[in-house]
Structures are given as structure tokens and as C-alpha cells.
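Data first, discussion second: the structure below is written as C-alpha cells.
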Amino acid sequence: MSQRTRILIDPKVQWPIAGRLLCHWALFLVCLLSINTAVRLFATVVNEPFWEAFQSALVAQAPIVIVMFILLPVFLRDTLVMSNRFAGPMYRIRSTLSQLSSGKSVSSISFREGDFWLEVAKEFNVVLDQYESLKRENERLRVELKKSDESLSV
């Protein structure tokens, strides 16, 4: 199967996931900086005045902040790409059901290798086959009924 080229398949689903990741990342950063600053402050406050120890402890956190900001786009991109594995299949199911409900003809669906819920595509295709079979049978019976009504009215 082909690889997706878009990062966002279903923005209504994927942006909230990215927002949640961003909140978790920010909370982690605050906790990490707080702990590191406190440890450094407690280790150096005996040799320096409190304010100077606090300032040097904050300045010492710069490498951590830089690394965390460099990693943020990596975390976000990876999360969005990974979320494609479930957002893509559900987007495909929703759009196919929408087409089907509006009377359009649809064909069997398949998901990409590595997507979640591969069995959903198989189950959908079974239901689609049953639906198409019932639709054909309904049309056949409608024609028979029409012929029967015409023969009785003659």
C-alpha cells in the first residue's frame, strides 16, 4: 500500500491530540526545570547568596530548554503521523458511509498496511456486500411486483 503524504488526515481529531501533547510537553518542561533548578539551588546556596544561586541555577537550565524546544516539533510530527494510523481509517469509513447514505455507489475499502482497525475494513466490506445484495434483491422484487400489478390490471 502507498504511504500517506499528508500529516493531517482529520484535523478535527488530530489537532486536539497535538494540543494535548503540547500541554503534556509544557507540563513536563515546567516540572523538569523546577526539579533541576531546585536541586542546583540547594547544592549551591551554601556557597553563594540565595538570589545569585537562584539566578545561576536558572541559567544552567538553558541547555535543557533548548533541547526541549528542538524536540517539540519532532514530538508533534511523530504524534500526528502516528495518529494517521487511526484517523485515516476512520476518515475513510466516514466518507464512504457519507457517500453511501447519499445514494452514491461505493466500492470496497482497504486501509494501508500498519493502520489500526484493519478488520473494520473487512467487516465494512462484508456489510457493503450484503447491502448491495439486498439492494439488488429489492430492485428485482420491485420489478416483479410491477409486472404482477400490470398483469392483474389487464
Side-chain angles (χ1 to χ4, degrees), residues 1-41 54 57-154:
M1 258 303 131
S2 63
Q3 294 294 316
R4 284 190 177 88
T5 56
R6 294 184 340 193
I7 291 178
L8 285 175
I9 300 299
D10 193 348
K12 288 180 182 178
V13 171
Q14 291 176 284
W15 277 129
I17 293 170
R20 179 66 59 96
L21 176 75
L22 185 58
C23 289
H24 288 180
W25 174 88
L27 180 61
F28 177 74
L29 180 62
V30 167
C31 291
L32 183 64
L33 293 177
S34 299
I35 292 169
N36 281 345
T37 302
V39 167
R40 180 148 178 139
L41 178 63
F54 181 71
L58 281 179
V59 170
Q61 305 311 310
I64 291 173
V65 171
I66 291 168
V67 167
M68 289 296 290
F69 274 98
I70 289 171
L71 288 176
L72 179 59
V74 174
F75 292 163
L76 284 172
R77 185 179 189 287
D78 184 57
T79 299
L80 292 174
V81 167
M82 206 291 242
S83 70
N84 283 342
R85 294 176 58 200
F86 62 84
M90 285 304 105
Y91 179 81
R92 180 75 188 274
I93 288 282
R94 280 193 355 248
S95 62
T96 304
L97 284 172
S98 176
Q99 291 173 348
L100 194 59
S101 69
S102 65
K104 296 178 183 171
S105 179
V106 297
S107 58
S108 297
I109 61 171
S110 63
F111 300 151
R112 291 175 172 85
E113 188 176 320
D115 277 349
F116 294 121
W117 305 320
L118 293 174
E119 66 279 356
V120 171
K122 293 175 189 170
E123 293 164 358
F124 176 85
N125 291 333
V126 168
V127 170
L128 179 63
D129 287 344
Q130 291 172 347
Y131 170 77
E132 293 295 333
S133 175
L134 289 171
K135 203 167 137 183
R136 284 189 301 274
E137 180 67 12
N138 190 24
E139 186 57 35
R140 185 187 67 75
L141 291 171
R142 184 177 287 129
V143 168
E144 273 185 37
L145 183 60
K146 186 177 180 181
K147 285 180 183 177
S148 175
D149 285 347
E150 287 174 358
S151 68
L152 288 175
S153 64
V154 172

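All figures in this text were calculated on a predicted structure; none of them were measured in a lab.
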Residues in side-chain contact (heavy atoms from CB on, under 4.5 Å) contact with [X], at least two apart in sequence or another chain:
X: Leu118; answer: Phe111, Asp115
X: Asp78; answer: none
X: Met90; answer: Ile93, Trp117, Val120
X: Asn125; answer: Ser108, Ile109

Residues in ring pair (Phe, Tyr, Trp, His ring centres under 6.0 Å) contact with Phe116, at least two apart in sequence or another chain =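 Here no residue qualifies.
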Partner residues of Phe124 under the ring pair (Phe, Tyr, Trp, His ring centres under 6.0 Å) criterion, sequence neighbours left out =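 For Phe124 there are no ring pair (Phe, Tyr, Trp, His ring centres under 6.0 Å) partners, ignoring immediate neighbours.
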Sort and list the pairs that fulfil salt bridge (charged side-chain N to carboxylate O under 4.0 Å, His left out) and have at least one residue in residues 93-105, not counting sequence neighbours.
->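 For residues 93-105, and leaving out neighbouring residues, the salt bridge (charged side-chain N to carboxylate O under 4.0 Å, His left out) pairs sorted by first residue read Asp10-Arg94.
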Kindly state each residue pair satisfying salt bridge (charged side-chain N to carboxylate O under 4.0 Å, His left out) with at least one member in residues 116-129, sequence neighbours excluded.
->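 Not a single pair qualifies under salt bridge (charged side-chain N to carboxylate O under 4.0 Å, His left out).
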Check whether [X] reaches the backbone of [Y] with its side chain - one donor and one acceptor, N or O, closer than 3.5 Å.
X: Thr96; Y: Arg92; result: yes
X: Trp25; Y: Met68; result: yes
X: Arg40; Y: Ala60; result: no

Is there a side-chain contact between Leu100 and Leu128 (heavy atoms, below 4.5 Å)?
-> yes
Any side-chain heavy atom of Ile17 within less than 4.5 Å of one from Phe86?
-> yes
Partner residues of [X] under the side chain to side chain donor-acceptor pair (under 3.5 Å) criterion, sequence neighbours left out:
X: Arg77; answer: none
X: Gln130; answer: none
X: Glu137; answer: Arg140

To the nearest 0.5 Å, atom OG1 of Thr37 lies from atom CG of Leu33 at 5.5 Å
Audit row: Glu139, Arg136, salt bridge (Lys or Arg N to Asp or Glu O under 4.0 Å) steps and yes/no = CA-CA 5 Å; Glu139 186 57 35; Arg136 284 189 301 274; over 6 Å; no
Is the number of heavy atoms from other residues, nucleotides or ligands under 6.0 Å of Tyr91 OH greater than 12?
->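 It does not: Tyr91 OH has 12 such atoms or fewer within range.
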Any pair counted as side chain to side chain donor-acceptor pair (under 3.5 Å), so long as it reaches residues 14-24, sequence neighbours left out =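 Qualifying pairs, neighbours excluded: Gln14-Ser83, Gln14-Asn84.
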